[in-house]
Every structure is written in structure tokens, then in C-alpha cells.
Amino acid sequence: MKVRTRVAPSPTGDPHVGTAYMALFSLCFARQHGGQFVLRIEDTDVARSTPESEQKILESLRWLGLDWDEGPDKGGPYGPYRQSERKPMYAGYVQTLVDAGHAFPCFCTTERLDEMRREQMQRGETARYDGHCMHLPGAEVASRLANEAHVVRMKVPTQGTCVVQDRLRGEIEIDWAQIDMQVLLKADGNPTYHLAVVVDDHLMEITHIIRGEEWINSAPKHVLLYQYFGWDMPEIIHMPLLRNPDKSKLSKRKNPTSITFYERMGFLPEAVINYLGMLGWSMPDGEEKFTLAQMIEQFDLNRISLGAPVFDIAKLKWLNGRWLREDLDAAAFADKLVAWAYNRKNLLQVIPLIRERVDVFSDLAPLASFLLEGMPAYDESAFNARGASLDEIKRLLQFVVWRTEALHDWQRDPLNQLFVDLAAALDIKIRDLLGPVFVAIAGKPVAPPLFDSMAILGPDMCRARLRHALEVLGGVSKKQLKKLEKDYALLPG
RNA sequence: GUCCCCUUCGUCUAGAGGCCUAGGACACCUGGUUUUCAUCCAGGCAACAGGGGUUCGACUCCCCUAGGGGACGCCA
């Protein structure tokens with residue numbers, strides 16, 4: 001059998017290491033079997049998907065050397081590879097299901113559904129569509145379809161058990177009563193993930209689906225759709241989820257998750273891939289340093305361990321050091337370093353910010369160092385240049401962390417606005433707010449303008465530095481955090 | 001709350017019933033090399049979640065409990 005795997009990221013944010021993780025395993029499996037690896041963009045969430053995000057995802061995967069055989073940028077025999085461009089195809093499949101009685105139009109409002117779920121959970125039941133629109137008279141449905149917003153839901157049995165075959169875990173049994181009557185077609189005419197993924201995996205002849213453990217609970221929906229359509233089910237492999245040091249699912253709130261962060265920190269793509277490869281998987285001979293090619297050669301699904309691994313930056317750093325020392329001679333080191341930091345694109349971003357402040361080139365290094373550093377070595381005294389107390393500084397920094405977590409458009413002006421708003425909400429002068437933030441981001445009181453610097457550094461690096469600064473200043477105890485959360489919730493705006 | 005998944009040193013892992021006095025790696029500690037630092041080298045600390053089975057024998061198989069995680073959206 002010809003093996004075909006895919007990675008199917010959603011372009012709704014920064015390129016996530018979890019995406020790279022799934023891509024790595026999918027690619028290794030496909031390559032080892034002489035098959036194809038496909039990149040498909042799942043942009044059915046029109047409100048949150050952006051072309052910029054898609055672009056960054058493609059660039060990041062390319063940077064890592066995870067090359068796909070078919071994708072939106074290079075086409076292929078199963079295109080298009082962007083779900084937004086496949087939109088016209090889905091309605092027909094949904095109609096097939098409606099005609100066969102496997103799906104039905106639903107007119108329920110969000111309010112009613114929220115209320116229903118709330119009550120169900122209060123009663124200790126699993127939240128699940130109550131079938132309200134499933135048995136409407138045909139005439140009523142026909143008339144309402146013409147003038148009312150509606151979705152299409154799949155029918156799901158209320159009795160019996162669904163058996164999901166997982167290549168790593170064997171048979172997983174989930175009662176149908178636990179499975180919601182999933183919306184397949186949204187009111188805006190776009191398919192939901194569940195419909196699109198099944199249709200596309202089938203049409204693209206995907207044979208092995210390697211995805212995160214978080215999908216186990218929705219696998220029955222997919223199993224059922226394959227049955228309804230009469231299609232063969234691909235093999236499913238649910239990988240363990242990458243975790244934060246506190247064991248929760250890896251998230252940007254607690255850990256840098258963006259691939260671009262690791263690039264900006266100066267990690268080598270080879271080392272990042274190598275590190276991802278040793279999470280949940282190991283070489284038969286126990287060797288910890290290996291290339292993508294070696295991993296492909298030795299790859300074996302049976303060597304995957306199921307415990308969800310903690311993403312440990314310290315070990316990644318050690319591994320990167322080995323790659324740097326063992327694989328790069330001075331010339332190669334120089335080339336990589338220039339490409340990383342002193343490339344034209346980087347310089348052109350920074351030069352406009354610093355040229356006013358420079359008389360001779362040798363003035364540059366201190367001014368541009370913020371861009372080349374990872375976690376700056378802070379001088380604690382720099383934080384309270386304006387006489388604020390340590391607790392007050394930590395409070396401000398923590399608030400900034402929370403505000404920036406909610407910021408989607410990480411650009412100069414929105415950042416500017418964020419600080420203006422926060423200062424207003426706190427009823428303090430903006431310079432009193434910006435002082436400590438400036439030091440946290442730039443590492444010292446003298447550097448290019450804050451918002452531009454933050455825009456260049458990107459969200460993950462900024463958040464990491466803010467958190468690092470908080471640690472250096474003694475950290476925030478659980479108790480203090482509780483109190484700060486309370487204060488924060490009370491802020492206007 | 002309901003359901004699902006998972007469980008070997010702090011962390012990543014080796015372990016397919018006897019090779020286990022449970023191995024390696026990161027981190028940490030100690031010492032050596034190095035005019036400093038780093039690298040490098042040597043050593044140390046440190047784990048089979050608990051309880052029942054099955055078996056001549058269980059880290060390994062089964063059951064229960066506990067703990068951790070995930071899912072419960074017109075997000076993916």
C-alpha cells in the first residue's frame with residue numbers, strides 16, 4: 001500500500017512546536033515507507049485564519065527542514081490544499097448525508113444551546129445536542145430553510161459503543177451517548193473541522209493520520225462519518241501531547257511555543273528537530289543525537305512511548321550546543337551566525353531604529369544587543385529607576401504579561417495602544433508603566449523604542465523576557481498571583 | 001460534573017516475564033584538565049504511583065485504587 005500522511009495546521013496564530021512535532025512524525029513515517037507527506041491548510045475558521053499566519057507556518061516548517069510533497073505552495077494531484085479553496089466541495093457531501101438521513105438542518109440559537117449545555121452539565125451529564133431540530137416536520141424545515149440561519153448537524157446514535165482503532169493504544173471504546181451531534185456545516189456555509197478533515201483525508205487518499213491525543217474523543221465522529229460515506233477508514237495514530245513543565249498541555253501562556261521563538265533564540269533547526277524526535281521516541285541504539293535522515297531510516301511506530309513528555313528547554317539547549325560544537329567548523333559557524341543575526345532583513349528592521357542614536361558603527365552593538373540576546377542578564381536596580389517598589393514593578397510586569405497574552409495583532413501600533421490603555425486603566429503615567437517593561441524587554445535602560453523592539457522580537461520572546469524579569473525580581477508567589485488576578489479583573493477596559 | 005487517555009530518577013528515556021543490584025542523557029552536586037569561563041573528563045545524588053492477582057519468576061500481563069493529562073464550541 002502506498003503510504004500518505006499529512007499535517008493539517010490551522011493558520012490562526014504563530015507556528016506551534018506541536019504542529020512541527022506532528023509534522024515530524026508524519027514525515028518520518030511517510031518517507032520510511034516511500035510514501036508522500038502532504039501539507040494541508042485548515043482555514044475553515046474564517047474569522048481567525050490569516051494569510052500571514054499561514055505564511056509563517058510554511059516558513060517555519062521549511063526552516064525546520066520538514067519538506068512536504070504536496071501543499072498549497074507547490075500544488076499536487078489532490079489540490080487545492082487550502083480548505084478555503086475547497087469550500088464548494090463540502091456542501092455536496094453534506095447534502096449526501098442529509099439525503100441519506102444521516103444529517104439534518106438545525107435552527108437552534110447559540111443562547112438555547114448554551115443554556116442546554118449548562119443544564120446538562122449541572123445535572124452531571126455529558127453536554128450533547130438534545131435532538132431538538134432532528135424531528136421537525138418536513139414542511140416546516142422547507143420553509144425555515146429559505147429564510148432562517150441554520151447549520152447542518154450529523155446524527156449520532158444514542159445507544160451502543162463506538163470502537164476506535166488506535167495504532168498505538170489498540171481499541172478505544174467510547175459510548176455513542178458521549179458523542180455530540182456535531183455541526184458539519186456552519187451557518188456561514190463553511191464546513192467544520194470534523195467534516196472537512198474526513199472529506200479531505202479521504203479525497204487526498206491519506207492512509208495514516210498522525211495527530212495529537214487531544215483528538216481521541218472526537219475520533220468517533222470521524223469513524224461515523226467514514227461509515228456514513230461508506231469510505232475506508234485510515235489508520236489513526238494518536239501521539240502524546242507535549243507539555244509545559246507543570247504538566248499541562250504545552251501553551252504559550254506558560255512556555256514559548258512558537259517555532260519562530262526558537263529561531264530567534266538562535267537554535268539550529270537540526271537541533272530542534274532532533275529534540276522533538278527524542279520526545280516520545282528514541283533511537284534503537286539509544287543515541288540521542290541524530291539527524292532527520294537517521295530518524296527516517298530508523299523510524300518505528302512501536303518505539304513511541306505514550307506518556308506525554310515535558311518540553312524541556314534546558315535539554316534542548318544542551319543538544320543545540322552539541323550540534324554547534326560538533327558539526328560546525330569556524331567557517332560554517334560564521335556563515336550560520338551571519339545568516340541568523342546579521343542578515344539584511346534583520347538589519348533593515350533595526351537600522352531605522354538606531355541610526356539616529358549612532359555616531360560611529362561601534363555604537364551599534366549596545367543598541368542592537370536586545371535583538372541578539374536571549375534572556376538578558378538583568379541588573380535589578382535598573383527596574384526601579386523611578387523609585388517604584390519591587391512589588392509595584394512586579395505588579396505592572398504581570399499585568400503587561402496578561403494584557404499581551406490577549407493581543408492578537410502583534411504590531412507596533414496595537415502594542416502602543418495596549419500600553420496607553422493599561423496606563424489609563426491603572427491611572428498612572430505611561431512612562432511609569434513603560435520603565436520596567438523597557439528594561440525587561442531591552443535588558444537595560446538604553447535601547448531603541450520599546451514598541452518597535454517588541455514588534456521585532458515577537459510575542460513569544462517578549463513574554464519570555466517579561467516572565468524572566470519577574471523571576472529575576474524574586475518571582476510572584478501563588479498568593480500574590482491570586483491577589484493580582486483579582487486586581488487585574490477589576491481594571492476598567 | 002461526564003467520558004477518554006496516560007503513569008520507570010526533578011526532566012527526556014532504555015526496558016517486549018528471568019539479561020534489573022533497573023541502564024543512558026539533561027539538570028544538580030563533587031573532583032580533574034583549562035592563566036578565567038566554557039568545553040572536555042571522572043565520580044555522586046536520584047525512579048518502576050499504591051494494592052491485589054496470574055506465574056516457578058513481574059518494571060514488563062490482568063484488575064482495582066490513586067495521581068496526572070485531555071475532551072466535552074457554528075475553534076482547530
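Reminder, nothing fancy here: chain letters follow the sequence lines and each chain counts from 1.
- Taking atom P on both B:G68 and B:C9, the two are 15 Å apart, rounded to the nearest angstrom.
- Taking side-chain N and O atoms only, A:Lys186 has a distance below 4.0 Å to OP1 or OP2 of B:A76.
- When distances run from any side-chain atom of A:Arg243 to the nucleotides B:G69, B:A76, B:C72, the shortest one goes to B:G69.
- The residues A:Glu70 and A:Arg4 are annotated as salt-bridged, a charged nitrogen and a carboxylate oxygen being separated by less than 4.0 angstrom.
- Contact annotation: side chain of A:Arg169 to base of B:C5, donor-acceptor pair absent below 3.5 Å.
- Atom name C1', nucleotides B:G51 and B:G70: the rounded distance is 27 Å, in whole Å.
- The residue A:Arg128 sits apart from the nucleic acid: no heavy atom pair falls under 4.0 Å.
- Residue A:Trp176 contributes atom CH2, which lies 14 Å from atom C1' of B:C3 at whole-angstrom precision.
- Between A:Arg6 and the options A:Asp200, A:Asp201, A:Thr207, A:Leu27, a side chain to side chain contact (heavy atoms under 4.5 Å, CB included) holds for only A:Asp201.
- Comparing B:A27, B:C12, B:A76 against the side chain of A:Met278 picks out B:C12 as the nearest.
- Residues A:Arg40 and A:Glu42 are paired through a salt bridge, judged by an N-O separation under 4.0 Å between the basic side chain and the carboxylate.
- Within 3.5 Å, a donor on the side chain of A:Lys315 pairs with an acceptor on the base of B:A25, or the reverse.
- When distances run from any side-chain atom of A:Ile174 to the nucleotides B:C3, B:C5, B:G70, the shortest one goes to B:C3.
- In this structure B:A16 sits in no base pair that meets the Watson-Crick or G-U test at under 3.5 Å.
- Side-chain contact between A:Gln165 and A:Ile172: absent, with no pair of heavy atoms (C-beta onward) separated by less than 4.5 Å.
- Enclosure of atom CD in A:Glu326 by more than 12 non-hydrogen atoms of other residues, nucleotides or ligands within 6.0 angstrom is indicated.
- Toward the 5' end of RNA chain B, the nearer of the two residues A:Glu171 and A:Leu241, judged by each one's closest nucleotide, is A:Glu171.
- Taking the side chain of A:Arg303 as heavy atoms from C-beta on, and the options B:G15, B:C40, B:G73, the nearest nucleotide is B:G15.
- When heavy atoms are screened at a 4.0 angstrom cut-off, A:Ser305 is found touching the sugar-phosphate backbone but no base atom.
- Here A:Thr44 reaches the OP1 or OP2 of B:A76: one of its side-chain N or O atoms lies under 4.0 Å away.
- When heavy atoms are screened at a 4.0 angstrom cut-off, A:Glu42 is found touching the sugar-phosphate backbone but no base atom.
- Checked against B:C74, B:C72, B:U13, the side chain of A:Leu279 finds its nearest nucleotide in B:U13.
- Listed pair A:Lys247 / B:U11 meets the phosphate criterion, a side-chain N or O lying under 4.0 Å from OP1 or OP2.
- Under 3.5 Å, the side chains of A:Ser282 and A:Arg303 contain a donor-acceptor pair of N or O atoms.
- In this structure, A:Gly286 reaches neither bases nor backbone, as no heavy-atom distance under 4.0 Å exists between it and the strands shown.
- Among the nucleotides B:U2, B:A76, B:G70, the one closest to the side chain of A:Asp45 is B:A76.
- Across the interface with RNA chain B, nearest-nucleotide mapping of A:Asp312 and A:Lys221 shows A:Asp312 to be the residue nearer the 5′ end.
- One finds no side-chain N or O of A:Thr12 lying less than 4.0 angstrom from the OP1 or OP2 phosphate oxygen of B:A76.
- In this structure, the CG atom of A:Asp43 is 13 Å from the C1' atom of B:C75, given to the nearest Å.
- Ion pairing between a basic and an acidic side chain is recognised when a charged N comes within 4.0 Å of a carboxylate O; A:Arg82 and A:Asp73 show no such pairing.
- Rounding to whole angstrom units, OH of residue A:Tyr275 and P of B:C12 are separated by 8 Å.
- In a base pair of the Watson-Crick type (N1 to N3 plus N6-O4 or O6-N4) or a G-U wobble (N1-O2 and O6-N3), with each distance short of 3.5 Å, B:U11 is matched with B:A25.
- When heavy atoms are screened at a 4.0 angstrom cut-off, A:Glu173 is found touching the sugar-phosphate backbone but no base atom.
- Atom OH in A:Tyr90 sits roughly 13 Å away from atom C1' in B:A76 (whole-Å rounding).
- The side chain of A:Gln178 lies closest to B:U2 when the candidates are B:U2, B:C12, B:C74.
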One pair to check against side chain to side chain donor-acceptor pair (under 3.5 Å): A:Lys444 and A:Ser369. What are the steps and the verdict? CA-CA 10 Å; A:Lys444 50 180 173 282; A:Ser369 66; 2.4 Å; yes

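- Atom C1' of B:A47 sits at a distance of 12 Å from the matching atom of B:G23, rounded to the whole Å.
- Residue A:Ala187 is in base contact, counting any heavy-atom pair closer than 4.0 Å across all strands shown.
- A:Arg211 comes within 4.0 angstrom of no nucleic acid atom, judged by non-hydrogen atoms across all strands.
- B:A42 and B:G57: their C1' atoms are spaced 38 Å apart (whole Å).
- Of all nucleotides listed (B:C26, B:C75, B:C4), B:C75 comes nearest to the side chain of A:Arg48.
- Using atom C1' as the reference point in both B:C61 and B:A16, the two lie 11 Å apart (nearest Å).
- One interatomic measurement links the two molecules: CG of A:Leu306 to P of B:U13, which rounds to 11 Å at whole-angstrom precision.
- Of the listed residues (A:Lys289, A:Arg322, A:Lys336), just one forms a salt bridge (Lys or Arg N to Asp or Glu O under 4.0 Å) with A:Asp327, and that residue is A:Lys289.
- Rounded to a whole angstrom, the distance from the C1' atom of B:G52 to that of B:C72 is 34 Å.
- Out of B:U11, B:U7, B:A76, the shortest distance to the side chain of A:Val310 is found at B:U11.
- Atom CG of A:Asp246 has more than 12 neighbouring heavy atoms from other residues, nucleotides or ligands inside a 6.0 Å radius.
- Distances from the side chain of A:Arg117 to the nucleotides B:C74, B:C12, B:U7 place B:C74 closest.
- For B:U2, the paired nucleotide is B:A71, the pair qualifying as Watson-Crick or G-U wobble because both relevant distances are below 3.5 Å.
- Atom CD1 in A:Ile304 sits about 18 Å away from atom C1' in B:U7, given to the nearest Å.
- One C1' atom belongs to B:U21, the other to B:C63, and the distance between them is 30 Å to the nearest Å.
- Distance, A:Met283 CE to B:A25 P: 18 Å, rounded to whole Å.
- OP1 or OP2 of B:A27 has not a single side-chain nitrogen or oxygen of A:Lys317 nearer than 4.0 Å.
- If you check B:U34 for Watson-Crick or wobble pairing at under 3.5 angstrom, you find it has no partner at all.
- Heavy atoms of A:Val183 sit under 4.0 angstrom from primed sugar atoms or phosphate atoms, though from no base atom.
- Within 4.0 Å (heavy atoms only), A:Cys162 reaches no atom of the nucleic acid at all.
- If you take atom C1' in B:U65 and the same atom in B:C12, they sit 28 Å apart, rounded to whole Å.
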